[in-house]
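Proteins come first, then strands; the chains are lettered A, B, ... in the order of their sequence lines, and each starts at number 1.
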Number of protein chains: 2
Amino acid sequence: MESVFEIIAEPNRRAILALLVSAEQSVGEIERRLRMPQPTVSKHLRVLREAGFVEATVDAQRRLYRLRPEPLQELDAWLAPFRRFWSAHVDALERHLDRMHAAPGTKKSRSRQ
Amino acid sequence: MESVFEIIAEPNRRAILALLVSAEQSVGEIERRLRMPQPTVSKHLRVLREAGFVEATVDAQRRLYRLRPEPLQELDAWLAPFRRFWSAHVDALERHLDRMHAAPGTKKSRSRQ
DNA sequence: CACGTATATTCCTTTCGAGGTATATACAAG
DNA sequence: CTTGTATATACCTCGAAAGGAATATACGTG
């Protein structure tokens, strides 16, 4: 389970991350809110911790988990080239629609090129 | 393999997507460029196709695969809340550094609260 | 139609990760 | 020191997905 991508492939882990985005939570709180067995929560938290997605501070017997930004930023960076791609795509669509609007009756106007 | 996240968890699939971001490619081209056995390429392309990441057009015996934006946009949308989180984080860090700069000698200035 | 090329599919095997149950560890309080 | 609470870990089992090898399908050409 090397990569950021594998880490967030697991739905329960994504749920935990989504929960932590608002505020830090103890294991028990996560357990209750997500209705997830405690060992499951602990195991996923371990994975998230070792991958740098979360960090914990000790408060008596509790551990308070909070989000760390780096791995998600890495994911964001991975998306960058594709973002360029799809904005180009939207532009192309807009131009296409513009052309259709400019020349309305041209039924078989020429697909491709 | 339901989710977008599971699809991109596989490194070879990410490589294929990265390759297609510049231009459409035939299966053979992908095979050569990524030095991947042909059945492997075809199987990953199937997964990507069924998940809507790519589409193919037929050109004689070749199939030309190209990227589709939607699933990656979905991923981008999932990231949005976290983006808000980490920009807040950066802001907090900046404010913190500003304060340190303003009051330099205050060694044990008060952790927490 | 036979053949070559391009791609898809099938079958098999192996690996890995997730969940469940039980148990260990850590801390607080009486 | 015993008990209760909070969290972590160990062990086991199961399913799913990836890779390899072989084969099927589709198309073009002589």
Side-chain angles (χ1 to χ4, degrees), chain A residues 1-20 23-68 71 75 78 112, chain B residues 1-20 23-68 71 75 78 112:
Chain A
M1 214 157 23
E2 293 268 272
S3 75
V4 169
F5 302 92
E6 288 164 305
I7 305 291
I8 63 165
E10 218 290 325
N12 292 316
R13 283 198 286 268
R14 290 200 301 279
I16 292 176
L17 292 176
L19 193 58
L20 293 181
E24 64 179 14
Q25 310 275 337
S26 73
V27 177
E29 287 166 341
I30 298 173
E31 184 188 342
R32 284 178 26 249
R33 294 194 159 176
L34 301 183
R35 304 228 163 93
M36 212 179 281
Q38 179 266 318
T40 300
V41 174
S42 280
K43 281 186 266 187
H44 286 309
L45 282 173
R46 156 115 104 144
V47 173
L48 290 170
R49 198 181 343 115
E50 290 179 343
F53 281 82
V54 302
E55 63 185 0
T57 55
V58 177
D59 168 40
Q61 317 121 353
R62 311 207 161 158
R63 269 109 227 254
L64 297 178
Y65 281 87
R66 78 187 56 75
L67 223 53
R68 281 169 49 85
L75 184 57
W78 181 82
R112 250 171 216 291
Chain B
M1 218 160 17
E2 292 269 271
S3 74
V4 170
F5 302 91
E6 288 163 306
I7 305 292
I8 63 165
E10 218 289 325
N12 292 317
R13 284 197 287 267
R14 290 200 302 280
I16 292 176
L17 293 175
L19 193 57
L20 293 180
E24 65 178 15
Q25 310 276 336
S26 73
V27 177
E29 287 165 341
I30 299 174
E31 184 188 344
R32 282 179 27 249
R33 293 192 161 180
L34 301 183
R35 303 227 163 92
M36 212 178 281
Q38 179 267 317
T40 300
V41 174
S42 280
K43 281 186 267 187
H44 285 309
L45 283 172
R46 155 114 106 144
V47 172
L48 290 169
R49 197 181 343 116
E50 290 179 344
F53 280 82
V54 301
E55 63 185 0
T57 55
V58 176
D59 168 39
Q61 318 120 350
R62 310 207 161 157
R63 269 108 228 252
L64 297 179
Y65 279 86
R66 76 186 56 75
L67 224 52
R68 281 171 48 87
L75 185 58
W78 180 81
R112 235 155 235 302

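Contacts of B:Gln61 classified as side-chain contact (heavy atoms from CB on, under 4.5 Å), with partners at least two apart in sequence or in another chain: none. Applying the side-chain contact (heavy atoms from CB on, under 4.5 Å) criterion to A:Arg32, with sequence neighbours excluded, gives A:Glu29. Shown here are the side-chain hydrogen bond (donor to acceptor under 3.5 Å, both in side chains) partners of B:Arg68, two or more places apart in sequence or in another chain: B:Glu70. Residues that satisfy the side-chain hydrogen bond (donor to acceptor under 3.5 Å, both in side chains) test with A:Arg49, not counting sequence neighbours, are A:Tyr65. Remark: B:Glu31 engages no residue in a side-chain hydrogen bond (donor to acceptor under 3.5 Å, both in side chains) (not counting sequence neighbours). For the side-chain hydrogen bond (donor to acceptor under 3.5 Å, both in side chains) test, residues two or more places apart in sequence or in another chain that qualify with B:Glu6 are B:Ser3.
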Going by atom type alone, with no hydrogens or angles, which donor-acceptor pairs under 3.5 Å involve a side-chain atom of residues 38-46 of chain A and a protein atom two or more places apart or on another chain?
{"residue": "A:Gln38", "atom": "NE2", "partner": "A:Ser42", "partner atom": "OG", "Å": "3.1"}
{"residue": "A:His44", "atom": "ND1", "partner": "A:Arg13", "partner atom": "NH1", "Å": "3.2"}
{"residue": "A:Arg46", "atom": "NH1", "partner": "A:Glu50", "partner atom": "OE2", "Å": "3.2"}

* Indicate for each nucleotide in nucleotides 17-26 of chain D, in 5' to 3' sequence, whether protein heavy atoms under 4.0 Å reach the base (B), only the sugar-phosphate (S), or nothing (-). => SSBBBB----
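Taking the 5' to 3' direction, DNA chain C first and last meets chain A under 4.0 angstrom from a heavy atom at C:dG17 to C:dA28.
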